[in-house]
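Here, residue 1 is the first one in the sequence, and each next residue gets the next number.
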Amino acid sequence: MAIQTSPEAPIPVGEVSKLIGGWIDRLGAVWVEGQIAQLSRRPGAGVVFLTLRDPSFEVSLTVTCFRRVFDEVADVVSEGTRVVVHAKPSWYAQRGELSLRAAEIRPIGVGELLVKLEQLKKSLTAEGLFDARHKRRLPFLPHRVGLVTGRASAAERDVLETARHRWPAVRFAIRNVAVQGPKAVPQVIGAIRELDADPEVDVIIVARGGGSVEDLLPFSDEQLVRAVSACRTPVVSAIGHEPDSPLLDLVADLRSRTPTHAAKDVVPDVGEEFERVGQLRDRALRCVTAFLDGQERGLADWMSRPAMAYPHRLVEERTDEVAELVGRARRCFGHRLDGATADLEHTRARVLALSPAATLRRGYAVLQRTDGAVVRDPGEVAPGEGLRARVAEGEFQVTVTGTDADQ
């Protein structure tokens, strides 16, 4: 129950500490899992002090136990070992400190670790953290490579030497961290986040040499896996040797077999690229040359044809044909003109023969009255009437002296 206090009626610190101790005593013994971050065994002392840490949440608790309890596991337990402790929470009222008093310590075996890792793997797989659709492509030539590895480690040396041998101008942003033990997870996460926030870093390599399952356990930590999944920069995992497979390999954008292979996967080889450029240049030259040769052969084939070799031959061959057609046309036109001329002359002769002028030339005359009417019948005129006589060479006046009607 809550204690009633006020500025006028406070309770002493000792009373508060005593109350906290009472509340903690009611918790009873619990089984706690964690990693031994610090181990202190003083010679001759009957109590062993341990710091039990949860690397995923960066939380630590002090654990004390009698030497006889620790001696049972002293040969298999050291700093960095994951253990399960059966302990009762204890409150040290004089200093206001909380600790766990262990009655039993059990190291977590490899089999138990593998089972836990498999369960975590299934859980993260169900969330889609290992989905291939989330994998990002590595840049062809990174301007700057982020490297997270142990200080002065063989993994760091392998990555740097291999990368600089392949591309001497490559630049690195190196973050040295603990790669095993209780400090590994928070330091690796911090280094990855720092490099991911650097806009000059194009790819991040997380590298570590080989080791036991327990040594590589930090790289299967859930918080580390989630931190890598949230990265915007591509991440390459190069943990241990090829048979090793921490969960970091599954969430990374690329899994390399070793740190040396990570450098090969990230940094192109300048010699190979020069050779590849040369091969592509030669291939392009061959393609262009083959194309030009084909076009040249085709052009030569066209130019060798008679029509192209002697372009006037066609005109010359047609000249005689055109001349023949022109002559034929002239002959046909001449024949037609001659026929038309003959027809015209014949018609003209007929017209002339049948014309009144021709009749007049034969001695005939045409009599016309003063009104121009032609006289056809003697009864049409009267004696003494003046008429106009028209002959071939002109006309003259005549007077009627008599007619058949008067006789």
Side-chain angles (χ1 to χ4, degrees), residues 21 24-25 27-117 120 148-155 176-191 208-224 239-240 244 246:
I24 292 176
D25 286 340
L27 293 177
V30 293
W31 287 97
V32 181
E33 178 185 352
Q35 187 176 35
I36 298 178
Q38 187 176 0
L39 176 61
S40 177
R41 288 186 293 176
R42 298 173 184 174
V47 178
V48 177
F49 296 89
L50 303 91
T51 299
L52 199 62
R53 184 176 181 81
D54 186 343
S56 299
F57 297 96
E58 301 185 23
V59 177
S60 301
L61 283 176
T62 301
V63 179
T64 61
C65 65
F66 291 113
R67 179 173 289 276
R68 58 178 176 79
V69 174
F70 184 80
D71 287 343
E72 295 179 0
V73 295
D75 296 335
V76 293
V77 165
S78 61
E79 291 183 357
T81 304
R82 296 184 73 91
V83 295
V84 175
V85 177
H86 188 234
K88 186 178 185 306
S90 176
W91 179 258
Y92 189 62
Q94 282 74 14
R95 290 200 298 266
E97 295 179 354
L98 175 66
S99 63
L100 299 176
R101 184 174 297 275
E104 184 179 356
I105 300 175
R106 295 183 184 179
I108 297 178
V110 174
E112 294 173 312
L113 288 176
L114 294 178
V115 170
K116 290 181 178 293
L117 289 179
L120 179 59
V148 180
T149 187
R151 184 181 302 277
S153 62
N176 294 122
V177 297
V179 292
Q180 69 181 58
K183 297 180 180 179
V185 173
Q187 290 187 12
V188 172
I189 291 176
R208 185 201 190 282
S212 63
V213 175
E214 293 88 344
D215 293 339
L216 301 181
L217 196 60
F219 299 96
S220 293
D221 185 83
E222 180 179 357
Q223 299 303 314
L224 176 58
I239 304 302
D244 300 322

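Between Arg42 atom CZ and Phe49 atom CZ the span is 5.5 Å, to the nearest 0.5 Å. Here the CG atom belonging to Leu39 is positioned 4.0 Å from the CZ atom belonging to Phe70, to the nearest 0.5 angstrom. Rounding to the nearest 0.5 Å places CZ of Arg106 at 13.0 Å from CD of Glu33. From Ile36, atom CD1 reaches atom CD1 of Ile105 across 6.5 Å, with rounding to the nearest 0.5 Å. The CG atom of Leu98 lies 8.0 Å from the OG atom of Ser90; values are rounded to the nearest 0.5 Å. Here Thr81 contributes atom OG1 and Leu217 contributes atom CG; the two are 10.5 Å apart, rounded to the nearest 0.5 Å.
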**OP:** Take Val48 and Thr64 through the side-chain contact (heavy atoms from CB on, under 4.5 Å) test and state the conclusion after the steps.
**Re:** CA-CA 6 Å; Val48 177; Thr64 61; over 6 Å; no

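Closest approach of Pro218 and Leu224 over heavy atoms only: O-CD2, 3.4 Å. Residues Ala178 and Gln187 come closest through the heavy atom pair N-OE1, 2.8 Å. For Ala184 against Val179, the heavy-atom pair with the smallest separation is CB-C, 3.8 Å. The two residues Ala155 and Gly209 make their nearest non-hydrogen contact at CB-N, 4.0 Å. Taking every heavy atom of both residues into account, Val177 and Ala191 meet most closely at CG1-CB, 3.9 Å. Gly44 and Arg67 get closest at one heavy-atom pair: N-NH2, 4.4 Å.
With sequence neighbours left out, the side chain to side chain donor-acceptor pair (under 3.5 Å) criterion links Gln180 to Arg208.
The backbone N or O of His86 lies less than 3.5 Å from no partner atom in the side chain of Glu104, so there is not a single donor-acceptor pair.
Just one residue in the list Leu61, Leu100, Asp25 forms a side-chain contact (heavy atoms from CB on, under 4.5 Å) with Pro89, and that residue is Leu100.
Considering only heavy atoms from C-beta on, Lys88 stays 4.5 Å or farther from Leu27 through its side chain. Counting heavy atoms from C-beta on, the side chains of Cys65 and Leu50 come closer than 4.5 Å.
The salt bridge (Lys or Arg N to Asp or Glu O under 4.0 Å) analysis of residues 94-103, with sequence neighbours excluded, yields the pairs Arg95-Glu97.
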